[in-house]
Novice: 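Below you will find the structure I want to go over with you.
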Amino acid sequence: MKRDQSFDHLAERYDRLGDKRPRSNIAYLESGILDVTGQYDFVTSSATLHHVADLPAVLRHIRSLVAVGGRAALTDTVSPRPANPRWWLYGGEVRKLARNLIHCNAGAWEIFRLGTGDWLDHRVSDRYLSRAGFEQAYGAVFRGAQFTRVGGQYALVWPRPEITALI
């Protein structure tokens, strides 16, 4: 797949932010999720897990990464519709272009080009869970988790219980 320049720009921006990380006690990893090992006090994912092929396996792996007493915070987009058709997404970009042109946004055409290129192909491939589906899939792995709406996303917060000694 041809890589869009906008992705290169975002990657460069991410790398620049990485150079300014203020905490030496925080581990930053760039890896496939199933390649990550170890135990962490805090594991988070935002707006990414709707892309994985085997969600239950990935959720179980994420749970295994949370240290005793640690937390997982996972958010993702939920929708009553599992996928957005190309025509609907393209229409949204056309409406955004019209708004930007009306407001004399100098970058209107560039925004439209970026929103209708490889990024549109990416968005068409998105597969979402409903809110109930999110609670069912995530709750099956993270028992006792709390769920809440966060903007247009749905979130899970799960504290890994302390291990208690058996008497």
Side-chain angles (χ1 to χ4, degrees), residues 1-4 6-11 13-15 17-18 21 23 25-93 114-167:
M1 175 202 258
K2 185 182 121 202
R3 191 176 157 125
D4 192 304
S6 62
F7 293 121
D8 291 333
H9 172 73
L10 290 173
R13 186 173 176 197
Y14 177 78
D15 289 342
L17 289 172
R21 294 181 180 132
R23 308 258 188 233
N25 63 337
I26 296 176
Y28 294 89
L29 305 171
E30 183 178 335
S31 174
I33 185 63
L34 295 175
D35 297 328
V36 177
T37 60
Q39 295 273 287
Y40 302 90
D41 294 327
F42 186 69
V43 178
T44 186
S45 173
S46 180
T48 57
L49 297 178
H50 62 271
H51 293 287
V52 301
D54 188 352
L55 181 61
V58 169
L59 292 175
R60 286 190 302 273
H61 184 70
I62 290 171
R63 184 187 62 204
S64 76
L65 297 172
V66 181
V68 171
R71 291 185 183 271
L74 310 175
T75 67
D76 213 338
T77 303
V78 294
S79 175
R81 178 175 49 206
N84 292 313
R86 178 178 293 281
W87 65 265
W88 188 81
L89 294 169
Y90 190 83
E93 294 301 322
L114 294 172
T116 56
D118 288 343
W119 184 243
L120 183 64
D121 293 337
H122 167 82
R123 292 177 63 207
V124 168
S125 73
D126 289 345
R127 296 294 176 263
Y128 302 112
L129 295 173
S130 66
R131 181 177 165 178
F134 183 99
E135 285 192 15
Q136 181 180 7
Y138 286 61
V141 176
F142 294 95
R143 301 228 183 261
Q146 294 179 336
F147 296 91
T148 188
R149 185 177 163 171
V150 179
Q153 297 192 338
Y154 207 53
L156 162 145
V157 176
W158 179 72
R160 183 169 191 143
E162 299 286 341
I163 297 176
T164 56
L166 297 175
I167 299 177

Novice: Using the side-chain hydrogen bond (donor to acceptor under 3.5 Å, both in side chains) rule, take Q153 and T75 through it: C-alpha gap first, then chi angles, then the decisive distance, then the call.
Specialist: CA-CA 6 Å; Q153 297 192 338; T75 67; 2.9 Å; yes
Novice: Quick check: do L129 and D76 have side-chain heavy atoms less than 4.5 Å from each other?
Specialist: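 No, their side chains stay 4.5 Å or more apart.
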Novice: Who are the salt bridge (Lys or Arg N to Asp or Glu O under 4.0 Å) partners of R149, not counting sequence neighbours?
Specialist: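 With neighbours one apart ignored, the set is empty.
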Novice: Return each pair, listed once, that meets side chain to side chain donor-acceptor pair (under 3.5 Å) where at least one residue sits in residues 80-92; pairs must be two or more places apart or across chains.
Specialist: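 Checked against side chain to side chain donor-acceptor pair (under 3.5 Å) - neighbours excluded - the pairs reaching residues 80-92 are R81-N84, R86-D121.
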Novice: List for me each residue that meets side-chain contact (heavy atoms from CB on, under 4.5 Å) alongside A140, sequence neighbours excluded, and say none if there are none.
Specialist: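 For A140 there are no side-chain contact (heavy atoms from CB on, under 4.5 Å) partners, ignoring immediate neighbours.
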Novice: Nearest heavy-atom pair of R63 and R160: which atoms, and what distance?
Specialist: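 So the two residues come closest at O-NH1, 3.2 Å.
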Novice: Would you please indicate if the ring centroids of F134 and Y138 are separated by under 6.0 Å?
Specialist: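 For F134 and Y138, the ring centres are under 6.0 Å apart.
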Novice: Once you measure the plane-to-plane angle for F147 and Y154, does it fall in the parallel (<30°), tilted (30-60°) or perpendicular (>60°) bin?
Specialist: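 Aromatic pair F147/Y154 classed parallel.
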Novice: Do the side chains of T148 and V150 get nearer than 4.5 Å, heavy atoms only?
Specialist: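 V150 reaches T148 side chain to side chain.
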Novice: Which heavy-atom pair separates P56 from V141 by the least distance, and what is that distance?
Specialist: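 Looking at all heavy atoms of both residues, the shortest contact is O-CG2, 4.4 Å.
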Novice: Could you give the distance from CG (D126) to NE2 (H50), rounded to the nearest 0.5 Å?
Specialist: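 D126 CG to H50 NE2: 3.5 Å, rounded to 0.5 Å.
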Novice: Closest approach of G69 and E162, non-hydrogen atoms and distance?
Specialist: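 Taking every non-hydrogen atom into account, CA-OE2, 3.4 Å.
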Novice: Could you pull out all residues at least two apart from R60 that satisfy side-chain hydrogen bond (donor to acceptor under 3.5 Å, both in side chains)?
Specialist: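 Result, side-chain hydrogen bond (donor to acceptor under 3.5 Å, both in side chains) vs R60: none returned.
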Novice: Kindly write out the residues that satisfy side-chain hydrogen bond (donor to acceptor under 3.5 Å, both in side chains) with Q39, not counting sequence neighbours, or none if the list is empty.
Specialist: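 So Q39 forms no side-chain hydrogen bond (donor to acceptor under 3.5 Å, both in side chains) with any residue.
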Novice: For A72 versus F142, what's the shortest heavy-atom pair and its separation?
Specialist: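 Heavy atoms of A72 and F142 come nearest at CB-CE2, 4.2 Å.
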Novice: Among L49, V36, L34, T44, which residue meets the side-chain contact (heavy atoms from CB on, under 4.5 Å) test with I62?
Specialist: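 Checked L49, V36, L34, T44 against I62; only one passes side-chain contact (heavy atoms from CB on, under 4.5 Å): L49.
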Novice: Determine which pairs satisfy salt bridge (charged side-chain N to carboxylate O under 4.0 Å, His left out) with at least one residue from residues 33-50, sequence neighbours left out, and list them in order.
Specialist: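 Applying salt bridge (charged side-chain N to carboxylate O under 4.0 Å, His left out) to every pair that reaches into residues 33-50, excluding sequence neighbours, yields nothing.
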